[in-house]
Each structure stands twice: as structure tokens, then as C-alpha cells.
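Okay, so here's the structure we're looking at.
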Amino acid sequence: METTSSTTASSSDFIREIVSDDLKAGRVQEVVTRFPPEPNGYLHIGHAKSIFINFEIAREYGGKTNLRFDDTNPLKEDSEYVNAIQEDVAWLGFKWDGLYFASDYFEEMYQRAIRLIKKGKAYVDDLSADQLRETRGTLTESGQNSPYRDRSVEENLALFERMRKGEFRDGERVLRAKIDMASPNLNMRDPVLYRISHAVHHNTGDKWCIYPMYAFAHPLEDAIEGVTHSLCTLEFKDQRPLYDWVIQECEMENVPHQYEFGRLNLSNTVMSKRYLKRLVDEKLVDGWDDPRMPTISGLRRRGFTPEAIRSFVSELGITIAGGEVDYKLLEHHVRLDLNVRAPRAMAVIKPIKVVITNYPEDLTEMMEMEINPEQPELGTKKVQFSREIYIDRDDFMEVPPPKYHRLYPGNEVRLKNAYFVTCTDFVKDDEGNVVEVHCTYDPETRSGSGFTARKVKGTIHWVDAKSAIQAEFRLYEPLLAGDFDEELPLEQTINPDSIKIEHGYIGADLKDAKPQEKYQFVRHGYFNVDPKDSTPEKKVFNLIVSLKSSFKIDNPAGK
Ligand code: ATP
Ligand code: MG
């Protein structure tokens, strides 16, 4: 099933090669992949890579992808996360074929464990967690057999049954695979398959008090669903022999195979759910969707688009090496996408008032502003102009430094989409701050009039004071203060400048701006209408990304 995208450069990665060989050789009739998050937190940008790989590969080869919740650890899981994960995957633009829960297979897994016991391939062990660790051996020393290793099949069956019935306390007994305590692969040294946990599960309630371990559950889940290619990150590589052992010894009909790729690591970003959850629980951020969070919901609220995230992870490709990727590459993709789609508008973030003293007091004019030069077919919109306007504080200086071409006494600049104005004087308050700037304008210079008699070096943006609407601007910097140090108290890992709030103005052309709409504020950057805090009366804008990039495309994807 060749598709156009499978013949592009990306088709050369090792996973696509395996998949296409399996299809050609007839080992696989239909490709089935899965994205298997544990519902113990929200998805982050790292998960987007895994989602993309699983869904895209299946799509390219005409196969299927399941969304499966790997919910085998009742203590950490919650249906809030189950819902959020579905929302995020769908928002990223992927449609799953089957929606499954590992917990729906608990009975089947239990039966497969009994089969192992009957074959003499699993036993109930009474050793404590500490004793299990102590007898496991090291990379250079083999482990020791448990004194309970040679229990009879009957005794094991009876004990496992009693474990299920809830006759033992947490940690009192486990079910272990009987493999080889001398294996050079530590995962093969009689790994634990089941543990006791008297906990309420988000899906099965208190039906179970024994739960399968990941290493036992995951291969069974894949086999039950008919997954053909089980794609996961590199830290599971050493588990592959155990994965295959479980499939074989449990006599699963479908035989999935596991393949590993490199995790996405982003500069200046911690993606561990454990860390992100602590930030949320200790209220150091405004929830999982705080716009500074590297979560999918945080990026969405910040204003990143699914298209930009997809083109970013697509550029990363599938590599085994998991080098660190520059965060600026992600921002670069966001700019590329928003440049084309975001309408332009003028906003003043740190305002100062300008009075155009020779402009008639009762006059207002509607100026033409191009909606988006990247989409000329959208045409122009009208922007109100009158005698008093706001400009950004940084666009006026009482004493200009060299090469400063914006407003200062005696200098003439262009007001974007309007007139040339010349600064005549300014007003200071008692503390010496400039609070008002006075200018005169030249009616001949109206934008669009074809005026060419003289040129100016600076163009600045503005908002008409009479019709301006107050707005809050949230300006973001990286959440992390420098290199991440897990030893530091949590508060100290956070950059105190990661959010700055400014109060300024937008023009009346944005009075109907809706949550999640994105704009390019000329000379400032791309902004998103905050979906949580913005109201029709007081709009709140999140800085998505600034306009200019210091990004040099050298080896951005860390390949
Ligand atoms: P975390 O360590 O952040 O809690 P996890 O690996 O425990 O992440 P899971 O819910 O188990 O999270 O992950 C679901 C899938 O996403 C797994 O197949 C996992 O390998 C993959 N995944 C998680 N983090 C990344 C990442 N940074 N890059 C690529 N894939 C990832
Ligand atoms: Mg995990």
C-alpha cells in the first residue's frame, strides 16, 4: 500500500523499513499500531512525537491506530487524565480506530497468568520488596533464587487465587515469572508480574486488588488488540526479550513486535509528568494548561497550532539517537504557520498617549490596513484614527541614542497605515515621567495617497485612543530557571520572569476577538486570545512567540 508520503525522504527511517518489509513478505496483512499513554497526567510535547509516529506510520501503510490507556496502576490514574488525553490527541488532528483500556483486559490477563503457573513458568513469592531487590543481583553478579521458587503448581494456583480474593496485604506476596536469575539481562531475572494493591481503580473500582505490572501487561494488551508494531521509546529496549517471552509463554495468537526510537528531549524543558504534576499540585503554575507548560494543553492555551506541532515532530523524523532538540525549532514552526494564517492588527502593550495637536478635534478617519500580506485575497480592514492615539512607550525617547529612528523631539516618523507625524514637545508628571507626547501631522502624507516627496526612517504602530479597548498582555519566557536541578526546592526551579503582565490597548477592529483566535500584533509578535481568562469586557492575550527569531538552522533536530 504505497502512498505518496511513504516514498518521500522520511520513508528511509528504520521503522518504516521494517514495516514495509513485513508487508512485502506477508508477515503482516494490516499494520496496527497504538498510542498507549498511562492516564497519570496530561500529555506533553514529547508525547506528540510518539503520537505522530504511531498514527502516521499506520496511515501511510493503510493500517489502524488505537488509543489505549495503559491504566494498570490505580494509585496514580484518574479519569480527568483519560478525558484530557483524548481531547489532546484529537486536537493534534489524529483519529484513533479503537479506544481501549488495559483495565478491560484484567480478567484475560489473570487467566494468562494462571496459564503460566500451570506451565511452571510463574510462581508466588513471599519475599518483601526489599528482599526482592537484594536478591536480584547486579550487572556483574547473578541474582539468587528465591526460597519460594520451587513451589508446586497447586500451591501457586491456590496462593494466586487467595491474592486475588484479597486475603493478603499490599506487598505481602507477588507473582513472578520463572525465567533465569542468572540472565545477563536484569529484566529476565524472574520479573514481578502481579502485585497486590488494595486501591480503587478509576475504571474497575474495587473489583481487583491485584494488578499486572507494565512488563507483563503491555505485551498482552498489544497482542489482544492485534497490534503488529509496538513502537516505544528507547528506555524499553532491555525489556524486549521479556516482551517476547510473555507473548510466547502466554501463547498469544497475535504476535506483536516491539521497536524502539529515541525520546524527544527539548532544550530548557522538563517533560517528566512527575515534575509537571508537582508544579500543578503545589500551585506554582495555573494548572496543567498554564501557557508556560510544555503540555499539549498548555501549548494550545498559549496559542500553538496543531499544524505547527505536527510539522515540528515531522521534521524530527524517527531516529534511534535521542539528542536534545533546540526549543527554537518548535518556535520556528509556529512562526511559519502563524505568519500565513494570523491576521495582522495593531496593539499597544505599554501605552503612552500622543496628541496630534493640529488634527481637528471632531474628526475621525477610517484607515485601511492589510489583513495579512501573506493572503492578499483577504484584502483590508478599517482602523479608526483620530486626534489622540496611544503608542508603545519604547517608541518615544526624550533623548534618543544613536540610530534611534522612532519618535523624539523634532523627529518625523510614519504612523503605520496613517500619517507622518513630527514630535513637537511632551508633558512630564511630578516624578519626571513622560506622560504625554505632542506631535503635528502632515495631511499630505496619508497612507495610500502616493506621497513620495520625503521619506522617514521609522514606522511605528498605534491605537486610536477614542475607540481603544483595554487589554491585558501576558508575556512569557521559559518556565525553567537555567539548567534543571532536581535537588533544588521546586519554587527555585522556576524562572521568576516566566510571566510578565502588561496592561495596554487593542483597536476596535479586535472588539469581537474570540478565545483561541491568533493575531500578529505588528512589531510585537503572535498573540492568542486566552481561552480561560479573556472576557468580552477585558480581553487577555498570550504571547505565543515573538516576531524575530535568533534561530540559526544548523543542526536543529539534533540528528
Ligand atoms: P513521562 O516519563 O513523562 O511520565 P511516560 O513515558 O511515562 O512519560 P506514558 O504515558 O507511559 O508516559 O507514554 C505514552 C507513550 O509516549 C509511550 O510509548 C512513551 O514511550 C511515549 N513518550 C513519552 N515521553 C516521550 C518523549 N519525550 N518522546 C517520545 N515519546 C515519548
Ligand atoms: Mg510511563
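Numbers for residues simply follow the sequence, beginning at 1. We count ligands from 1, going down the list as the structure has it; atoms in each ligand are counted the same way.
Residue Phe261 has no N or O atom closer than 3.5 Å to an N or O atom of ligand 1. Residue contacts with ligand 1: Arg274 is placed with no nitrogen or oxygen under 3.5 Å of a nitrogen or oxygen of the ligand (distance criterion only). At least one N or O atom of Gly46 sits closer than 3.5 Å to an N or O atom of ligand 1. Checking only distances, Asn40 never comes within under 3.5 Å of ligand 1, N or O to N or O.
Between the side chain of Asp13 and the main chain of Arg16, a donor-acceptor pair closer than 3.5 Å is present.
One side chain, Tyr105 or Glu225, offers a donor N or O that lies under 3.5 Å from an acceptor on the other. Looking only at atom types and distance, the side chain of Asn185 has no donor-acceptor partner in the side chain of Asp238 under 3.5 Å away.
Near Met271, meaning under 4.0 Å from one of its heavy atoms, ligand 1 places the atoms 3 (O). Listed by number with element, the atoms of ligand 1 under 4.0 angstrom from any heavy atom of Thr233 are 19 (C), 20 (O), 29 (C), 30 (N), 31 (C). For ligand 1, the atoms sitting less than 4.0 Å from at least one non-hydrogen atom of Ser272 are 3 (O), numbered in the order shown with element in parentheses.
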Pair Tyr148-Tyr123, ring-ring contact (aromatic ring centres under 6.0 Å, His included): steps then yes or no: CA-CA 8 Å; Tyr148 304 99; Tyr123 61 97; 8.8 Å; no

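Scanning Arg263, Lys273, Arg68, Lys49 for the heavy atom closest to atom 9 (P) of ligand 1 points to Lys273.
A salt bridge does not link Glu331 with Lys328: every distance from a Lys NZ or Arg NE/NH1/NH2 to an Asp or Glu carboxylate oxygen is 4.0 Å or more.
No close placement of the Phe94 and Phe35 rings is indicated, their centers lying 6.0 Å or farther apart.
Of all the heavy atoms of His44, the ones lying under 4.0 Å from any atom of ligand 1 belong exclusively to the side chain.
Exactly one residue among Asn54, Asp222, Asp22, Thr33 makes a side-chain hydrogen bond (donor to acceptor under 3.5 Å, both in side chains) with His229. That residue is Asp22.
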